[in-house]
Colleague: 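There's a structure below that I have some questions on.
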Amino acid sequence: MENSQQFVAYVINMDGAEQRMSHMQSELERVHIRFVRQTGVDGKKLSYPHPQFSDWSYKYLHGRLWSAKELGCYLSHIECLRSFLASDFSYALILEDDLQIDPNLLHLLNESLKYSKDWDMLRLSSVNKGRWWPTIPLTDKHSLAVCLTREKGAGGYFVNRKAAKKMIRWLLPMRLAWDIAFDLEWLMGFKTLGVAPLPIRQNDGFESQIQHSVLNTKLRGNAKYFTVLPFRCVLEVMRVLYRSYHFLRTRLFGGG
């Protein structure tokens, strides 16, 4: 068992979601990680228009209409980052409350801190299956790695203070869903790697608290073909170019 925890961990949990909180408490106790419960922002209490929501961008860049629950999720992550920056810690583990955690997570995070000059944020989870390209070995099984495609979901990630400050500065107001917005590190000026294989599995037997309502907000008609698709194509080209460079740089010069 590893005794040192060099970071603060937050679990985003809505009031009334006791079963989810009990599940996460068991998961984190099992892997010996101390945590702070971060009360989630209740989307039902948010009204439109909202000063932290860009209606135009969300519609014509993301292809969705107003979703109070999605904004609540987004602002919950922002509040976690703000709580982290108000603390004395140099790193934070941000977690949602529907996860299954690898038993070696604490060891993987502590190993990753040995190479902290090579990243500002570590992605630890995803809800799809992109290919990860290893750069720096952490254990016989896990490596720091780069993914050249967009990964969805924001169930678990690890940040330093630089990344947290950049995200708060550039990601308000809300223009995209959180799992898309925080994955655009090259636009915000920090470096991202992931731990592969990903040590956190998302949606561990719990129904999504926002997904059903979000499906009803999709933009109808042909407008998305003139705005959303070109925007996403540009992002994907930029992602491949930037992360290819970061992969080569880390592979050749990282880990020192």
Side-chain angles (χ1 to χ4, degrees), residues 12 40-41 43-44 46-78 80-81 94 96 98 121 123 125-133 146-157 159 163 166-192 194 198 202-203 207-247:
I12 300 172
V41 177
K44 292 183 291 186
L46 304 177
S47 58
Y48 177 85
H50 193 281
Q52 299 295 355
F53 177 80
S54 173
D55 183 73
W56 188 96
S57 299
Y58 201 68
K59 182 177 181 180
Y60 292 109
L61 299 182
H62 189 48
R64 301 289 177 93
L65 304 175
W66 160 261
S67 170
K69 289 186 177 181
E70 187 82 19
L71 179 59
C73 173
Y74 195 99
L75 295 179
S76 296
H77 284 270
I78 291 291
C80 266
L81 297 175
I94 311 295
E96 296 182 352
D98 56 349
M121 184 179 83
R123 178 181 275 276
S125 71
S126 177
V127 295
N128 58 321
K129 298 180 180 180
R131 179 173 178 180
W132 289 83
W133 300 82
V146 172
C147 187
L148 301 181
T149 56
R150 178 167 68 93
E151 293 293 287
K152 298 179 181 179
Y157 53 99
V159 295
K166 294 278 189 179
M167 284 191 276
I168 290 174
R169 177 183 178 185
W170 293 109
L171 298 185
L172 289 173
M174 176 182 177
R175 303 175 186 88
L176 304 165
W178 180 258
D179 62 338
I180 296 176
F182 93 127
D183 201 38
L184 305 178
E185 75 279 359
W186 64 91
L187 295 179
M188 293 180 277
F190 62 85
K191 298 174 290 187
T192 294
L198 294 167
Q202 202 163 344
N203 298 325
E207 183 177 357
S208 172
Q209 294 176 312
I210 64 174
Q211 194 60 37
H212 294 309
S213 62
V214 168
L215 291 175
N216 296 325
T217 67
K218 285 188 176 181
L219 185 65
R220 309 298 178 184
N222 295 322
K224 61 184 177 182
Y225 295 108
F226 296 101
T227 58
V228 178
L229 293 183
F231 174 69
R232 289 185 179 177
C233 287
V234 169
L235 289 185
E236 294 312 306
V237 170
M238 294 175 67
R239 186 192 316 277
V240 169
L241 292 176
Y242 174 81
R243 291 190 181 169
S244 294
Y245 163 76
H246 189 40
F247 169 78

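Just so it is clear, the model here is predicted, and its values are computed rather than measured.
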Colleague: So, applying side-chain hydrogen bond (donor to acceptor under 3.5 Å, both in side chains) with D183, which one of K152, R239, R150 is it?
Modeller: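 One option only clears the test, and that one is R239.
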Colleague: Please test M174 against E70 for side chain to side chain contact (heavy atoms under 4.5 Å, CB included), starting from the C-alpha separation and ending with a verdict.
Modeller: CA-CA 10 Å; M174 176 182 177; E70 187 82 19; 3.4 Å; yes
Colleague: Any idea which heavy atoms bring L61 and F231 closest together, and the distance?
Modeller: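 The pair with the smallest heavy-atom distance is O-CD2, 3.4 Å.
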Colleague: Checking the side chain of T227 only, and the main-chain atoms of Y60 only, is there a donor and an acceptor separated by less than 3.5 Å?
Modeller: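 Side chain of T227 to backbone of Y60: a pair is present.
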Colleague: In Å, rounded to the nearest 0.5 Å, how long is the span from CG of L46 to CH2 of W66?
Modeller: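 Answer for the CG-CH2 pair, L46 versus W66, is 5.5 Å.
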Colleague: Please report the shortest heavy-atom distance between S54 and R175, naming the atom on each side.
Modeller: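 Closest pair (atom of S54, atom of R175, distance): CB-CG, 4.0 Å.
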Colleague: To the nearest 0.5 Å, how far apart are NE2 in H246 and CG in L148?
Modeller: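 Going from NE2 on H246 over to CG on L148, the span is 11.5 Å.
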Colleague: Could you measure the distance from the OH atom of Y58 to the OH atom of Y74? Nearest 0.5 Å is fine.
Modeller: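 Result: 10.0 Å between the selected atoms.
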Colleague: Parallel, tilted or perpendicular: which one describes the rings of W178 and F182, with boundaries at 30° and 60°?
Modeller: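 Plane angle under 30°, so parallel.
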Colleague: Side-chain contact test, heavy atoms from C-beta onward, threshold under 4.5 Å: evaluate it for T149 versus N128 and give yes or no.
Modeller: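 When only atoms from C-beta onward are counted, N128 and T149 do not touch, as no gap falls below 4.5 Å.
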Colleague: Has S126 got a side-chain atom pairing as donor or acceptor with E151's backbone, closer than 3.5 angstrom?
Modeller: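 Absent.
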Colleague: Mind checking the OG1-CZ spacing from T192 to F190? Nearest 0.5 Å is all I need.
Modeller: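 Atom-to-atom, T192:OG1 and F190:CZ are 4.5 Å apart.
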Colleague: Please name the pair of heavy atoms, one in M121 and one in A163, separated by the smallest distance, quoted to 0.1 Å.
Modeller: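 M121 and A163 have their closest heavy atoms at CB-CB, 4.5 Å.
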Colleague: Tell me whether R243 contacts the main-chain N or O of C147 through its side chain, where contact means a donor paired with an acceptor under 3.5 Å.
Modeller: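 At least one qualifying donor-acceptor pair exists.
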Colleague: Where is the tightest heavy-atom contact between P51 and P173, given as atom of each residue plus distance?
Modeller: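 That would be O-CB, 4.0 Å.
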Colleague: Take L198 and S125 through the test side chain to side chain contact (heavy atoms under 4.5 Å, CB included) and record every step on the way to the result.
Modeller: CA-CA 6 Å; L198 294 167; S125 71; 5.6 Å; no
Colleague: So for atom CH2, which belongs to W170, do other residues, nucleotides or ligands contribute more than 12 heavy atoms lying within a distance under 6.0 Å?
Modeller: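 Atom CH2 in W170 is not crowded, with 12 or fewer foreign heavy atoms closer than 6.0 Å.
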Colleague: For L171, which of H77, M188, Q52, K166 qualifies under side-chain contact (heavy atoms from CB on, under 4.5 Å)?
Modeller: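 By the side-chain contact (heavy atoms from CB on, under 4.5 Å) criterion, L171 pairs with just one of H77, M188, Q52, K166: M188.
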Colleague: Write down the atom of S76, the atom of I12, and the distance for their closest heavy-atom approach.
Modeller: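 Distance-wise, the nearest heavy atoms are CB-CG2, 3.7 Å.
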Colleague: Using 0.5 Å steps for rounding, measure from the SG atom of C80 to the CD1 atom of I168.
Modeller: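 Going from the SG atom of C80 to the CD1 atom of I168 covers 10.5 Å.
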Colleague: Could you go step by step and tell me if E96 and Y157 meet the side chain to side chain contact (heavy atoms under 4.5 Å, CB included) rule?
Modeller: CA-CA 10 Å; E96 296 182 352; Y157 53 99; over 6 Å; no
Colleague: Enter the distance from K69:NZ to K44:NZ here, rounded to the nearest 0.5 Å.
Modeller: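 Those atoms lie 7.0 Å apart.
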Colleague: Could you go through I78 and V41, starting from their C-alpha distance and side-chain angles, then the distance that decides it, and tell me whether this counts as side chain to side chain contact (heavy atoms under 4.5 Å, CB included)?
Modeller: CA-CA 10 Å; I78 291 291; V41 177; over 6 Å; no
Colleague: If you draw a 6.0 Å radius around CH2 in W186, do more than 12 non-hydrogen atoms from other residues or ligands fall strictly inside?
Modeller: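 Yes, because the 6.0 Å sphere around CH2 of W186 holds more than 12 heavy atoms from other groups.
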